[in-house]
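Scroll down for the structure; my scribbles are underneath it.
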2 protein chains.
Amino acid sequence: MPRFFVEDVSGDEIIISGPDAVHIGRSLRMRLGDEIIICCKGMEYRSEILTISDSGVMCRVLSCGKSKCEPNVRLTLFQAMPKSDKLEFIVQKAVELGAAEICPVLTARCVSRPDEKSFRKKLERLNKIALEAAKQCGRGVVPKVTEMISFNECVERLKACDIGLMCYENGGINLREAEIESGKSIGLFIGSEGGFEPDEAGRCADEGIRLVGLGNRILRCETAPIAALSIIMNLTGNM
Amino acid sequence: MPRFFVEDVSGDEIIISGPDAVHIGRSLRMRLGDEIIICCKGMEYRSEILTISDSGVMCRVLSCGKSKCEPNVRLTLFQAMPKSDKLEFIVQKAVELGAAEICPVLTARCVSRPDEKSFRKKLERLNKIALEAAKQCGRGVVPKVTEMISFNECVERLKACDIGLMCYENGGINLREAEIESGKSIGLFIGSEGGFEPDEAGRCADEGIRLVGLGNRILRCETAPIAALSIIMNLTGNM
């Protein structure tokens, strides 16, 4: 059943506006009485279409419940800026795999170092990819891609999570040994193409962030977040 | 250190020929005395270059040992044919994540149904991708991409594995409950865009193949093999 996201729901009537309204009427050619899923803040509203126009689709809520697709752990992916369009790929996959938020980070070895202004242009596109992925895989919320942050900000944000993890290519404990099951919020820090500087790893370790390894093979910087997210979702019972 | 694969090693001198020889001399501009890693059948030979020409690079073995990057489980990925160039992506990632072999399968819901002849053309390219990925991530062997097989052949091959797994979108046990740790050979069957027909899942279940689920979110057909491989490699202590 088609799935749409809205900002707010009050009462039992919901209006879908903007491009989604056009999409419902023209691309999907839906009709009055057809059912759709409307998602808002982790809740899912099975709804019936009452009226359709390009400016808005009015729906009546038939039933509602908590989304079954949201993990019970809030995982933030802190991803060091990769080259070319790899971040788009990482965002799409991270949304499918259950990340709550994707936070690009500028680390010492990032080859791609966009300035704030040029990154802001990309950000719109990245959030659109997150929205489309959320619709496609059945998420109950749309994970947000945030502004780019510095390494120091990232460390502070990792410390604010119940469990902060850094995937370090020069070794660390296995994710199974990182005792992540007890955390309600997990921060996962993944490097760019060149990985992390030893200084960065040392700083994280000093701050209580757990250094984890992903085995002996050298994973590409876009493979590492997918692998780590999959394993974490499995270990926490969400996959 | 650059890594090259050869078919056979006997004695303490190894000759690298073909495109790799040209690559060593011209692209990498290596010199006499430089060291490279030569891989053969899961063994790694740290070697010193003795002579360089476009027709062959002669090396002397300095030391050798078993590859530390090969998993202790032989995992074959049976991947139902996906659309467009997704199989290329899946092959690259499966090699990084430790698959021993990738076996494309024609299932009921495959939209992409190349005939044998046109697939054979693709196969060369797929095996080249596997080779490049193996070099890049540090594998000790080059996983093979095989000819396309039928659903029935796939079932027979899954039965021949210690543990046969089918990722079924309509539910199954969690990979953690599938008791895969005891197997030396694991076969993992992943569907195409449309997933599997209930008949196909029923047949696999009847044949003792374990139906496993990957959570409530709908994973794209190229995300599912990466997620499942990551989880299996973690559960078996290889990641």
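Within every chain, numbering begins at 1; the chains are lettered A, B, ... in the order of the sequence lines, protein sequences first and strands thereafter. Because only heavy atoms are used, hydrogens play no part in the values below, and waters and symmetry mates are left out as well, while side chains stay in.
- For Ile173(A), the side chain to side chain contact (heavy atoms under 4.5 Å, CB included) partners are Glu177(A), Ala178(A), Val212(A), not counting sequence neighbours.
- Most heavy-atom pairs under 4.5 Å with chain A, from the set Pro71(B), Ala227(B), Ser67(B): that is Ala227(B).
- Residues of residues 182-200 of chain B never come closer than 4.5 Å to chain A when only heavy atoms are counted.
- Note: Cys69(B) leads Cys69(B), Gly213(B), Ala228(B), Ala133(B) in heavy-atom pairs under 4.5 Å with chain A.
- No more than 12 heavy atoms of other residues, nucleotides or ligands shown are found within 6.0 angstrom of CZ on Arg125(A).
- Residues of residues 231-239 of chain A that come within less than 4.5 angstrom of chain B, heavy atom to heavy atom, are Ile231(A), Met233(A), Asn234(A), Leu235(A), Gly237(A), Asn238(A), Met239(A) in numerical order.
- Note that the CD atom of Glu96(A) and the OG1 atom of Thr223(B) stand 3.5 Å from one another [nearest 0.5 Å].
- With rounding to the nearest 0.5 Å, the separation of CD in Glu222(B) from CD1 in Ile226(A) is 9.0 Å.
- Chosen from Leu214(A), Ile218(A), Asn216(A), the residue pairing most often with chain B at heavy-atom distances under 4.5 Å is Ile218(A).
- Against chain B, the residues from residues 135-144 of chain A that qualify, each with a non-hydrogen atom under 4.5 angstrom away, are Gln136(A), Cys137(A), Arg139(A) in number order.
- Around atom CZ of Arg113(A), more than 12 heavy atoms belonging to other residues, nucleotides or ligands sit under 6.0 Å away.
- Interatomic distance, OG of Ser230(B) versus CG of Leu219(A), reported as 8.0 Å (0.5 Å rounding).
- Environment of CD in Glu35(B): crowded, with over 12 heavy atoms of neighbouring residues, nucleotides or ligands closer than 6.0 Å.
- When the shell of 6.0 Å around NZ of Lys86(B) is examined, it contains more than 12 heavy atoms from other residues, nucleotides or ligands.
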